[in-house]
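Side chains included, hydrogens not; waters and symmetry mates left out as well; all remaining heavy atoms used. These numbers come from a predicted model, not from an experiment.
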Amino acid sequence: MAKVNQNPMLIDPDMKEIVESFIVETKEILEKLDVDLVEMEKRPDDNELLNSVFRHFHTIKGTSSFLGLDKLTGVTHKGEDILNKLRKLEVSLNATIMDALLLAYDKMKALLNSIEEYQNEDIDVEATIKDLTELIIALENGGVVVEKKKPAKKSRKKSSKAENTIENKTEINSELILEVNAEINDDDEPEDADEEQDSPQIEIKASSADKVKQDSSKKVENSIRVDVERLDELLNIVSELVLGRNRLAQVNSEFALENEGTKFSRDLFDATKQIDLMTNELQLVVMKTRMIKIGKVFNKFPRLVRDLSRDAKKQIEIIIKGEETELDKTLIEEINDPLVHLVRNSVDHGVESPEIRKANGKNPVGTLTLSAEHEGNNIIITIEDDGKGIDPEIIKAKVVEKGLISAEKAKELTRQEILNLIFIPGFSTAEVVTNISGRGVGMDVVKTNITKLRGIINIESTVGVGTKIIIKLPLTLAIIPGMIVKVKDQPIVIPLNTVLEVLRVHRENIYSVNQRPVIKMRDSVLPLVSVEEVLFGFEENDENKVWQYVVVVGIAEKSYGIKVDGLIGQKEVVIKSLGNYFGKVQGIAGSTIMGDGSVVMIVDVNELLHIAVK
């Protein structure tokens, strides 16, 4: 394809603000269209939804025409013509018309990416416009379109393209929006496309009006756009302020011990308390400005499930819950890939074909549920299907067959440990590699990415009923609550989200199993892990120590006890990198600065236990 010169209007300095605004707003419209188009296929008689989709196409057509984006204007105009025939009840929505609208949507998205990245429309749209034009002519001649059976090769190609589109890392705008909502009521209907003026200026005016015209009450965003870098700088300043607050609290405690009851001591206490309160409030506000609704990720999946289920010849309904749940921008960017792998596995391995589901007395239409909810300082993301479930015996046979573990070791594993084997690199139960899954890389990627985010992943599955995968993530990666403990007179921080409870155990109640220390906790045996041994390679035994403190931590379904010498307390800590000099230290997530100015290590519990088990 020949290189197309940059569009003069797109690189005009005087138009920069308008072009940037156009790109941001069009991205928002395309995100909404991605959901609405799939929903429209399920609700073809919903006139309000149809009018909303039409307005979105019309808005993009008007603004792109004003900017001289002829290809984008041409594609959206053809899509608008098809939608207008649906609005006038000249034709009824079917799979062929839906495929055409999705084809137009994909091309619009590709054009917008080219406009943003290269300031041109260097995308071939002739074939797309030709297909859309032929469909419009067919609709005008007969009013009914017969659904065509596509060749398998072409279907796979299209499905693969759709997957590649969805698998790209979640696109997060370079700006976050601080929203203040106001409600506007307007019952006007949009005018038919045939009656619209051709003038670009008039089209923009009409499109602006169309944005607020709704059949029912609609919320309009009154917002300012703030560059993410500014918010990152603000978060860094707040992080340093948290360290300063901790230092002030330490000074106040030491001063109060020496000058208890004095007026200056009371005044310092009051000032420290006020600073602590305001720092907490400021930290909360800054965190909220970085929060993005997880719906930004979830809303991409209806289209993915639609395309994958058609490619796999399955019928699957996707249900989304908790899309209003908010998560830090950094986590939103990183969670997309793991979720894509999990959804693809559910479609390919989980949900059965309609024939098998009928034979098993199930609804031929399978269900895939994506949900999110807050739980304390964490967010819980669940991917659940009502498919065939995971058979532990099949998993066990496969790992032995592939030589990933020995047959003797496989016999000793619990049911949950067997289910967790699907995270081993290279493991797959698929007999045939498809363009959906079966390569043995997906679940390993999921485990790796979740661990990087200091998250926990757990699997629950019942054969013949379905599978439920639960992901637990911290709300933010910058400031975390931690438990400060002492190991050989050195304080270390254990992230509080992993701590279940703290025990004090008499040395006589510590036993040895397979040359490993364990304790009996209620009705279970709890393995003990020594931080000294894991990090430094040795452990000094103190014969005079009668009591042993144990911090019980939970990772997925397992619990371990971390041996510590003392407990100092709980505190919010700011995670700092160890820097290039130290690089990555196994078992250490980072460091923090305490109130007295000392540097304390933060334990990476996942990695610490992984090393200890090995």
Side-chain angles (χ1 to χ4, degrees), residues 250 253 257 376 408-409 412-417 420 451 454 456 458 472 480-573 585-592 594-596 598-614:
Q250 176 104 6
S253 298
L257 288 175
E408 292 74 20
K409 177 68 175 175
E412 299 174 2
L413 298 177
T414 65
R415 174 186 171 84
Q416 192 62 52
E417 288 172 336
N420 287 337
T451 302
R454 296 200 302 278
I456 299 169
N458 190 25
K472 184 177 182 181
I480 63 167
M483 172 171 284
I484 305 172
V485 298
K486 190 178 290 185
V487 176
K488 287 298 175 188
D489 297 325
Q490 291 292 326
I492 65 169
V493 177
I494 300 175
L496 202 58
N497 67 314
T498 63
V499 177
L500 301 178
E501 58 182 306
V502 178
L503 306 173
R504 193 176 75 143
V505 182
H506 197 280
R507 62 183 302 170
E508 293 181 358
N509 294 328
I510 300 177
Y511 307 97
S512 180
V513 175
N514 294 331
Q515 298 182 337
R516 288 286 183 181
V518 299
I519 61 172
K520 189 174 180 181
M521 187 178 74
R522 292 181 279 277
D523 296 328
S524 62
V525 175
L526 188 73
L528 296 183
V529 175
S530 168
V531 177
E532 285 181 85
E533 185 179 356
V534 172
L535 297 183
F536 310 118
F538 66 91
E539 180 183 12
E540 295 180 3
N541 291 319
D542 186 356
E543 297 295 333
N544 297 322
K545 184 190 290 186
V546 178
W547 295 96
Q548 173 70 62
Y549 286 101
V550 176
V551 179
V552 182
V553 295
I555 299 296
E557 82 294 346
K558 292 184 177 180
S559 297
Y560 295 87
I562 297 178
K563 295 163 67 176
V564 299
D565 296 328
L567 307 174
I568 298 176
Q570 296 180 17
K571 190 172 290 186
E572 282 189 334
V573 297
V585 179
Q586 284 194 321
I588 299 297
S591 61
T592 189
M594 303 304 291
D596 59 1
S598 61
V599 177
V600 174
M601 298 298 107
I602 301 172
V603 172
D604 185 332
V605 175
N606 276 313
E607 199 169 64
L608 184 76
L609 298 180
H610 182 68
I611 297 170
V613 170
K614 279 189 174 181

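- Interatomic distance, CD of Q570 versus CG of L496, reported as 4.5 Å (0.5 Å rounding).
- Residues satisfying the side-chain hydrogen bond (donor to acceptor under 3.5 Å, both in side chains) criterion with S598, sequence neighbours excluded, are D596.
- Partners of K520 according to the side-chain contact (heavy atoms from CB on, under 4.5 Å) rule, which considers only residues two or more places apart in sequence or in another chain, do not exist here.
- Between I456 and G554 the shortest heavy-atom distance is CD1-O, 3.8 Å.
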Side chain to side chain contact (heavy atoms under 4.5 Å, CB included) assessment of V505 paired with I510
CA-CA 8 Å; V505 182; I510 300 177; 4.1 Å; yes

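- Every residue meeting the side-chain contact (heavy atoms from CB on, under 4.5 Å) condition with N606, not counting sequence neighbours, appears here in chain and number order: T451, I555, D604.
- The two atoms that bring I568 and P491 nearest to each other are CD1-CB, 3.9 Å, heavy atoms only.
- Annotation: side-chain hydrogen bond (donor to acceptor under 3.5 Å, both in side chains) contacts of N509 (sequence neighbours excluded): none.
- Rounding to the nearest 0.5 angstrom, the gap separating the CD1 atom in I562 from the CG atom in L528 is 10.5 Å.
- Contacts of R522 classified as side-chain hydrogen bond (donor to acceptor under 3.5 Å, both in side chains), with partners at least two apart in sequence or in another chain: E501.
- Note that the CD atom of Q548 and the CD atom of E508 stand 14.0 Å from one another [nearest 0.5 Å].
- In this structure, CD1 in I484 is found 10.5 Å from CD1 in I494, a value given to the nearest 0.5 Å.
- The two residues N497 and K472 make their nearest non-hydrogen contact at O-NZ, 4.0 Å.
- The backbone N or O of V487 lies less than 3.5 Å from no partner atom in the side chain of Q490, so there is not a single donor-acceptor pair.
- Rounded to the nearest 0.5 Å, atoms CE (M483) and CD1 (I492) are 11.5 Å apart.
- Residues V552 and S559 share a closest heavy-atom pair of CG1-CB, 4.4 Å.
- Between V553 and L609, some side-chain heavy-atom pair lies under the 4.5 Å cut-off.
- Looking at S512 and V518, their side chains never come closer than 4.5 Å, going by heavy atoms from C-beta outward.
- Under the rule for a salt bridge (charged side-chain N to carboxylate O under 4.0 Å, His left out), E532 has no partner lying at least two apart in sequence or in another chain.
- For S591, the side-chain contact (heavy atoms from CB on, under 4.5 Å) test picks out K576, L578, V599, M601, with sequence neighbours left out.
- Shown here are the side-chain hydrogen bond (donor to acceptor under 3.5 Å, both in side chains) partners of E533, two or more places apart in sequence or in another chain: there are none.
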- From CA spacing to verdict: side chain to side chain contact (heavy atoms under 4.5 Å, CB included), M521, L503: CA-CA 9 Å; M521 187 178 74; L503 306 173; 3.7 Å; yes

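- Within the 4.5 Å cutoff, the side chain of Q416 has heavy atoms near those of the N458 side chain.
- Evaluation of the salt bridge (charged side-chain N to carboxylate O under 4.0 Å, His left out) rule for K563 yields E539 as partners, not counting sequence neighbours.
- Scanning for side-chain contact (heavy atoms from CB on, under 4.5 Å) contacts around L567 gives V485, V502, Y549, V551, V564, with sequence neighbours left out.
- With rounding to the nearest 0.5 angstrom, the NE2 atom of H506 is 14.0 Å from the CD1 atom of I519.
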